[in-house]
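Below you'll find the structure, written out as structure tokens, and then a few comments.
All heavy atoms count here, side chains included; hydrogens, waters and symmetry mates do not. Residue indices begin at 1 and follow the sequence shown.
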Amino acid sequence: MSVWRALATAALLWVLAGDGGARADGAHWLPAWIASAAPPRFDVVDGNMLTYRDQTIRQDVRLGVSARVIRIRLSNELGLTPVRLRSVRLKAQADDPRDVTFSDQSEVTIPPGVALISDPVEMLVQRGGLVTVSLHVPDEAPGVVRRTPVRLGTGDQPVGDGVPIERRQGFVSAIYALTEERPAVIVALGDSITEGATATLGAEADWPAVLHRRLEASCPGDYLVLNAGISGNQVVRDGRSPNIRARLDRDVLSLPGVTHVILIEGINDIRHDGNPANPGRDPEEVVAGYRQVVARLHLSGIEVLGGTLTPFGGSERFDDRSEASRQTINQGIRHGELFDGVIDFDAAIRDPLRSDWMASGTHRDDRLHPNDEGYARMATVATFPCRR
């Protein structure tokens, strides 16, 4: 048995013994990857909700920290019906797949409102390594976690590399790693612009992923960046998902080791609802929501950085009122001492000649969402010093 295999086996035995705290050698649990729970409202085609039935969902997930042992979190917290999973498997690189159990059960049913944590799985993964999670869904069920790249197969069998990637909702909401690493843990909290809904599929081009790679290149092991964006999310009111205050405990405060949050959200609040006669929320309401989020995070010792709202001139629901609200909110973020620091995403991608529009080459056709270049520019202005 190799030295690393022996260490991993010892770590697994410790976990199975029931000690959930930090080991004497410094190993502890961190979220290596996350995806926020979301209602089954996104995957709709021609008015019909997409569901899984007798299909295997394959997700290839890149871990932000190294792992000795892994645990998976499955969510049905915002689902409406029970979800049955006949099998869950975990695979790293060229290793054989490992069966994942939940309280020693390989087949599980997750009631609405519930999340399940798997039993520990011994698995050595380097920081930045890929793991493959495969879930077989025997009965009809919609996905209830935000959209991520997946591959789909028929029945309970492996899904090959040649199967095309789709962007679909799923069920895996976190992967936890037992690790000796101690990075600062940054959660990017926001809407579709943070989720990366318009980034190139499968390219890991959303701004949190780009930021993580940039920090890893300049300060190896110092930072872990996690993506808690949900398309359509809002600060003040529920949209296609619970508002940011309602999901704060589940998506941030429940995660071990979080040190920083980058908050960029509010565009969906201040735009009208498709009818200009129904204006968006006042900027003061959005700022009041920010204050609540910051206050609760500060109670847990988490530093909060405010991201300015990006331009959306020329988009479908843009109007003078929403632009005035955006400017008011951005002034409050920059100068209102709301946050522990400011990340000026607006300045990163706005047109130098027309500040209410994104710069040419940084946006999708809808003029609301950045493209890969826009996301890359956003990641560039989020600066953090090396910690060691």
**Message:** For the residue pair Asp156 / Ser87, report whether a side-chain donor-acceptor contact shorter than 3.5 Å exists.
**Reply:** yes
**Fill in**
Heavy-atom nearest pair, His298 first then Ile302, reads CD2-O, 3.3 Å
**Message:** Taking atom CD as the centre, does Glu107 end up with more than 12 heavy-atom neighbours from other residues, nucleotides or ligands that are less than 6.0 angstrom away?
**Reply:** yes
**Prompt:** Any side-chain heavy-atom pair from Thr56 and His136 closer than 4.5 angstrom?
**Reply:** yes
**Side chains of Phe312 and Arg317 in contact at under 4.5 Å (non-hydrogen atoms)** = no
**Message:** Students often mix this up, so state it plainly: with edges at 30° and 60°, are the rings of Phe384 and Tyr223 parallel, tilted or perpendicular?
**Reply:** tilted
**Asked** Salt bridge between Asp161 and Arg58, side-chain N to carboxylate O under 4.0 Å?
**Response** yes
**Message:** Using only atom types and a distance under 3.5 Å, with no angle test, would you say the side chain of Arg250 pairs donor to acceptor with the backbone of Ala37?
**Reply:** no
**Request:** Please answer whether the main-chain N or O of Val150 pairs with a side-chain N or O of Gln59 as donor and acceptor at a distance below 3.5 Å.
**Result:** no
**Prompt:** With a 4.5 Å limit on heavy-atom distance, are the side chains of Thr308 and Ile343 in contact?
**Reply:** no
**Request:** Determine, stepwise, if the pair Gln327 / Gln331 fulfils side chain to side chain donor-acceptor pair (under 3.5 Å).
**Result:** CA-CA 6 Å; Gln327 294 292 348; Gln331 282 295 102; over 6 Å; no
**Message:** Looking at Asp249 and Arg296, is any side-chain nitrogen of the basic one under 4.0 Å from a carboxylate oxygen of the acidic one?
**Reply:** yes
**Request:** Before giving the answer on side chain to side chain donor-acceptor pair (under 3.5 Å), spell out for Tyr176 and Ser118 the whole-Å C-alpha distance, their side-chain angles and the decisive distance to 0.1 Å.
**Result:** CA-CA 10 Å; Tyr176 300 104; Ser118 77; over 6 Å; no
**Prompt:** Asp340 side chain to Leu305 main-chain N or O, any donor-acceptor pair under 3.5 Å?
**Reply:** no
**Asked** For the hydrophobic clusters of this structure (ILVMFWY residues joined by side-chain heavy atoms under 4.5 Å, transitively), does one cluster hold both Met358 and Phe318?
**Response** yes
**Prompt:** Any side-chain heavy-atom pair from Asn76 and Pro111 closer than 4.5 angstrom?
**Reply:** no
**Prompt:** Should Arg127 and Leu224 count as side-chain neighbours, where that means a heavy-atom distance under 4.5 Å?
**Reply:** no
**Asked** Counting distance only, does the side-chain N/O of Thr179 pair as donor-acceptor with the main-chain N or O of Val65 below 3.5 Å?
**Response** no
**Request:** Compare all side-chain heavy atoms of Asp346 with those of Arg326 and state whether any distance is below 4.5 angstrom.
**Result:** yes
**Message:** When you compare the side chains of Glu77 and Ser75, does any donor N or O come within less than 3.5 Å of an acceptor on the partner?
**Reply:** yes
**Message:** If we ignore hydrogens and angles and just use 3.5 Å, is the side chain of Arg387 paired with the main-chain N or O of Cys219 as donor and acceptor?
**Reply:** no
**Message:** Between Glu195 and Ala35 (side chain of the first, backbone of the second, donor and acceptor by atom type, cut-off under 3.5 Å), is there such a pair?
**Reply:** no
